[in-house]
Protein chains: 2
Amino acid sequence: MMELSSDQLNQVAHKLQLHGYKLTKQRAMTLEVLVEEDTGYVTAEEIFMKIKRNYSSIGLATVYRTLDLFSELRIVRKFAFNDKSTRFGFRGEESEHSPSHLICKDCGSVEKVNEAWLSELERHVSRELGFQVLDQQLDFIGTYATCHEKKCKRWEERIGG
Amino acid sequence: MMELSSDQLNQVAHKLQLHGYKLTKQRAMTLEVLVEEDTGYVTAEEIFMKIKRNYSSIGLATVYRTLDLFSELRIVRKFAFNDKSTRFGFRGEESEHSPSHLICKDCGSVEKVNEAWLSELERHVSRELGFQVLDQQLDFIGTYATCHEKKCKRWEERIGG
DNA sequence: ATGGGTGCAAACTGTTTGCAAAGCA
DNA sequence: TGCTTTGCAAACAGTTTGCACCCAT
């Protein structure tokens, strides 16, 4: 559990302004929850509920819109675990690296892995965290050069076949 | 595009029987689509549509149920890309290893990475596939020992806080 | 007063479920 | 026959959208 520093807040405010957006109360509160929760990942619903305690008039749609915006501006990471609803996590400076997660098939919890390890990672995970790895998944998110130049053939390809 | 071998079919049939399930026509057809499509990943809807061509009476719910079953028996891998609907891919013998994917932010396509590479992977991906990596994600799917023994505290933890 | 931002409720979309009928062993 | 599996339609859950209002500049 970590607190939102005024430094972090300013940075985000700045980023928003750069792109023509404002740092509203709702956005600040969303950010706060995300930073506090930075060991795990939160769903939109969870954020909504937490904010509601201090600011009961907030709307769920606003939270969704804020999270979309934050994703766009890379303030937040968006994850689709096999766990029904999408989860979001704050992107600290450091965490440009690949985060790894333990996703428990039984309880559905999502825990970040200590970082730095990698090829021996699985062994670590099993020994030190008591987590039996059944499966793993490594994804790269990015863009094909061709897509970026709007010469993207794949749109069509996807449907056909 | 690969064809379903009778060997593969038998193997699956066997696996099903072992667990008390039958290899029905619908299940066989679902398998067929999955194997044919083994370079990428397919959604339930896509499978449904393909089967419908030869077997118009199939129901979407059946496809979902079949995919659940196949996941359970590890015949299939289930992926949640940030791409709205869940995608499924056939698990060949070999592919016990971590599959890596390129997920294009622009066109949404999902492509498997050649395997075997890994730490230099990102460089390869960028140079050889023209894919600019913006982000990556490594997940382990499995279970905590404690969860497996039904002593799982995390259920409660998830709500509270 | 002008434009973005918000809350609400309704719409949407992917997935799940209940049930009666059908299919196998 | 007994037990699984299926198709259909209705139910659900997470997310998105349209719109009138609100707020800050």
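Note that the structure is a prediction, hence the values are computed from the model and not measured. Within every chain, numbering begins at 1; the chains are lettered A, B, ... in the order of the sequence lines, protein sequences first and strands thereafter.
Contact record, E45(A) with L60(A): OE1-CD2, 3.9 Å, taken as the closest heavy-atom pair. Heavy-atom minimum distance, E46(A) versus V42(A): OE1-CG1, 3.1 Å. Scanning all heavy atoms of the two residues, the minimum distance from S71(B) to F88(B) falls at OG-CE2, 4.0 Å.
Atom CD1 of I47(B) sits about 4.0 Å away from atom CG of L34(B), to the nearest 0.5 Å.
Using a 4.0 Å heavy-atom distance criterion, T43(A) is classed as making no nucleic acid contact. I58(B) comes within 4.0 angstrom of sugar-phosphate atoms only, judged by non-hydrogen atoms across all strands, and of no base. Using a 4.0 Å heavy-atom distance criterion, F48(B) is classed as making no nucleic acid contact. Residue E45(B) is out of contact with every strand shown, counting any heavy-atom pair closer than 4.0 Å.
The nucleotide range of DNA chain C contacted by chain A, defined by atoms under 4.0 angstrom from heavy atoms of the protein and reported 5' to 3', is dG5(C) to dC8(C).
Taking the side chain of K22(B) as heavy atoms from C-beta on, and the options dT5(D), dT16(D), dT15(D), the nearest nucleotide is dT5(D).
Atom CG in L16(B) sits about 12 Å away from atom C1' in dT5(D), given to the nearest Å. Atom pair R65(A):CZ and dG14(D):C1' shows a separation of 15 Å (rounding to whole Å applied). As rounded to whole Å, 16 Å separates atom C1' of dT4(D) from atom NE2 of H19(B). One can place CG of L69(B) at 7 Å from P of dT5(D), the figure rounded to the nearest angstrom. Between the OH atom of Y64(A) and the P atom of dA13(D) there is a distance of 13 Å, rounded to whole Å. Per the geometry, CD belonging to Q26(B) stands 17 Å off P belonging to dT4(D), to the nearest Å. Rounding to whole angstrom units, CG of residue L73(B) and C1' of dT4(D) are separated by 15 Å.
The backbone N or O of T43(B) lies less than 3.5 Å from no partner atom in the side chain of R87(B), so there is not a single donor-acceptor pair. Looking at R91(A), its side chain does come within 3.5 Å of a backbone N or O of R74(A) through a donor-acceptor pair.
Within the structure, a side-chain polar atom (N or O) of R27(B) is placed less than 4.0 Å from OP1 or OP2 of dT5(D).
The one candidate from V63(B), T30(B), V33(B), T62(B) that meets the side chain to side chain contact (heavy atoms under 4.5 Å, CB included) condition with F48(B) is V63(B).
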